[in-house]
There are 2 protein chains.
Amino acid sequence: MPASRPLRADARRNRDALLSAARQAFLDGDADTHVEDIARSAGVAVGTLYRHFETREALIEEVYRKEVDDLCSAPADLLDQHAPDEALRRFLLLLVDHAAVGKGMSLVLESIMATDSPVFGDARNRMAEALGHLLAAGNAAGTLRGDVTGSTLLRALGGICNLRATEGWRDEARQITGLLLDGLRHITPPRA
Amino acid sequence: MPASRPLRADARRNRDALLSAARQAFLDGDADTHVEDIARSAGVAVGTLYRHFETREALIEEVYRKEVDDLCSAPADLLDQHAPDEALRRFLLLLVDHAAVGKGMSLVLESIMATDSPVFGDARNRMAEALGHLLAAGNAAGTLRGDVTGSTLLRALGGICNLRATEGWRDEARQITGLLLDGLRHITPPRA
DNA sequence: CCATAAGCTGAGTCTGATTCCGTTTGTGTA
DNA sequence: TACACAAACGGAATCAGACTCAGCTTATGG
């Protein structure tokens, strides 16, 4: 199923053009650019866009897949170089910075964290897993509580991505991650 | 501008019918019920709906205004009867329960917390203020850190409302509020 | 150079929200 | 009680945007 047949040259070109037109539009801040506009600025018709991407959302997901991949691969390195809770701290800051890439990215992260949209299911799972690694390591080291799963933490982080477009959101986001982190370091479980 | 003229009797009746039809629909779990359906089940035409509510969102806001009001009036009582951090804990649980009222409510809370939509600006401010009271009281009592504003906490809570429709979301939501609470009790600021 | 499958186009469909205007109906007044 | 008329109402029409599809175009393997 993977490489069914290596896309005709012009098709590949159009696909790339669409992807980069979409990326451009999203980074420019307009997260709800119309499909028509994306198609037009890629120099193709909507039909072509839909030939390559199931839906508008699928296109968005593709645009940010790389971003998400980067994020998900980070924990391994961080754990190599830092104590688990410090690694987690850095990961969360990384997350904030990624959200900073543009409104589009934060929108996507939001979708990943917040919704149950199957489109982002894959990304969501990988993110939850990444966080799970960090938490598990921290728990093994005795510095992080063990009753919180990666998935739960992911949900908890959902709020920080909504900060986009708010004055001083970046500091606020950092403060929130700090808050959560302190909560995670609070070993004694509140109650059985 | 307030009481421009006390609405004609039939108008008032229709308005109420619309509101309760909408509330019913939302509580039933379908947060994106179509305006047509709401109008129909209230026994009026869409035109009438729009005569009473600027937009679909405005209707939703109105439906939940009462809910939000209840929530916002709670801190005063809670502070009367409990220590500040306990009051905060209870308030957060209250929030979770309200989110439980129905998917609709959690959707609205989400909009309140997450977006900058002017429609919910009023509700957002009141919620932030409510949280601010609790935090300030806790800080005065020396049990809660003082570097987090109500608005920031509101943002941080944004994630819990996205849990709707997730298996076991309620426990997860409680866990997250617990996490934040523990973070808030962590007096020593992480770093200057 | 050809056959043909892969691609492309863009007008048209569909789903929903929102508008607009002709008709109906409460209600204050004579 | 009857009238006048602003307030309300109904609902077809309009708009907005995502998505589809029938017919045309063009790489590309032979």
Side-chain angles (χ1 to χ4, degrees), chain A residues 1-22 25-26 28-63 103-104 107-108 111 115 117-120, chain B residues 1-22 25-26 28-63 103-104 107-108 111 115 117-120:
Chain A
M1 186 182 287
S4 46
R5 199 170 296 272
L7 272 192
R8 226 167 70 177
D10 56 338
R12 156 111 266 131
R13 207 162 33 242
N14 284 336
R15 187 172 206 284
D16 291 346
L18 280 165
L19 239 18
S20 88
F26 296 156
D28 280 357
D30 187 4
D32 13 80
T33 313
H34 305 325
V35 281
E36 297 258 15
D37 294 339
I38 294 175
R40 184 168 333 112
S41 71
V44 303
V46 273
T48 302
L49 186 154
Y50 280 98
R51 157 162 283 268
H52 290 293
F53 305 97
E54 201 69 25
T55 67
R56 190 177 177 285
E57 270 211 322
L59 168 60
I60 299 182
E61 193 207 9
E62 190 61 33
V63 165
K103 294 186 188 165
L107 245 191
V108 170
S111 296
T115 75
S117 155
V119 179
F120 297 106
Chain B
M1 185 184 287
S4 45
R5 200 168 296 270
L7 273 192
R8 229 166 67 177
D10 57 339
R12 156 112 267 129
R13 207 163 33 242
N14 284 335
R15 187 173 206 283
D16 290 346
L18 281 165
L19 240 19
S20 89
F26 296 155
D28 280 357
D30 188 3
D32 13 81
T33 313
H34 305 323
V35 282
E36 298 257 18
D37 294 339
I38 295 174
R40 184 170 331 114
S41 69
V44 302
V46 274
T48 301
L49 187 154
Y50 279 98
R51 156 161 284 269
H52 291 292
F53 306 96
E54 200 69 26
T55 67
R56 189 176 177 286
E57 268 211 322
L59 168 59
I60 299 181
E61 193 208 6
E62 191 60 33
V63 165
K103 297 189 186 163
L107 245 192
V108 170
S111 296
T115 73
S117 154
V119 180
F120 297 107

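Throughout, protein chains are lettered first and strands after them, A, B, ... in sequence-line order, and every chain is numbered starting at 1.
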For this session: Heavy atoms only: give me the nearest B:T55-B:Y50 pair and the separation to one decimal.
Result: CA-CE2, 4.1 Å
For this session: Any salt bridge (Lys or Arg N to Asp or Glu O under 4.0 Å) involving residues 45-55 of chain A? Give me the pairs, sequence neighbours left out, ordered by first then second residue.
Result: none
Problem set entry | Per-nucleotide protein contact string for nucleotides 24-30 of chain D, where B marks a base within reach and S marks sugar-phosphate only (heavy atoms under 4.0 Å, - for neither) | --BSS--
Exercise. In Å and rounded to the nearest 0.5 Å, what is the CG to CZ distance from A:L18 to A:R13?
Worked result: 12.5 Å
Exercise. Roughly how far, to the nearest 0.5 Å, is CZ of A:R56 from CG of A:D32?
Worked result: 6.5 Å
For this session: Applying side chain to side chain contact (heavy atoms under 4.5 Å, CB included), name anything that partners B:A11, two or more places apart in sequence or on another chain.
Result: B:L7, B:R8, B:H52
Exercise. Expressed in angstrom and rounded to an integer, what is the separation of A:R56 atom CZ from D:dA18 atom C1'?
Worked result: 9 Å
Exercise. Counting only side-chain N and O atoms of A:Y50, is one of them less than 4.0 Å from OP1 or OP2 of D:dC19?
Worked result: yes
Problem set entry | For chain B, the stretch of DNA chain C it reaches, first to last nucleotide, under 4.0 Å of its heavy atoms | C:dG16 to C:dT27
Problem set entry | Interface with DNA chain C, restricted to residues 40-49 of chain A and to heavy atoms under 4.0 Å | A:G43, A:V44, A:A45, A:V46, A:G47, A:T48
For this session: Find the distance B:R15:CZ to D:dA7:P and express it as a whole number of Å.
Result: 17 Å
Seminar exercise, completed: Sequence neighbours excluded, the answer for salt bridge (Lys or Arg N to Asp or Glu O under 4.0 Å) partners of A:R40 is A:D37
For this session: Give A:V35 one of three labels, base, sugar-phosphate or nothing, depending on what nucleic acid heavy atoms sit under 4.0 Å from its own.
Result: sugar-phosphate
For this session: Go through the structure and list residues passing side chain to side chain contact (heavy atoms under 4.5 Å, CB included) with A:A25, not counting sequence neighbours.
Result: A:T33
Exercise. Could you state the interatomic distance from CG (A:L19) to CG (A:L59), rounded to the nearest 0.5 Å?
Worked result: 6.5 Å
Exercise. For B:A21, what residues pass the side chain to side chain contact (heavy atoms under 4.5 Å, CB included) criterion, not counting sequence neighbours?
Worked result: B:I38, B:S41, B:A42
For this session: Could I get the full list of salt bridge (Lys or Arg N to Asp or Glu O under 4.0 Å) partners for A:R12, not counting sequence neighbours?
Result: A:D16
Exercise. For D:dC9, does either OP1 or OP2 sit under 4.0 Å from a side-chain N or O belonging to B:H52?
Worked result: yes
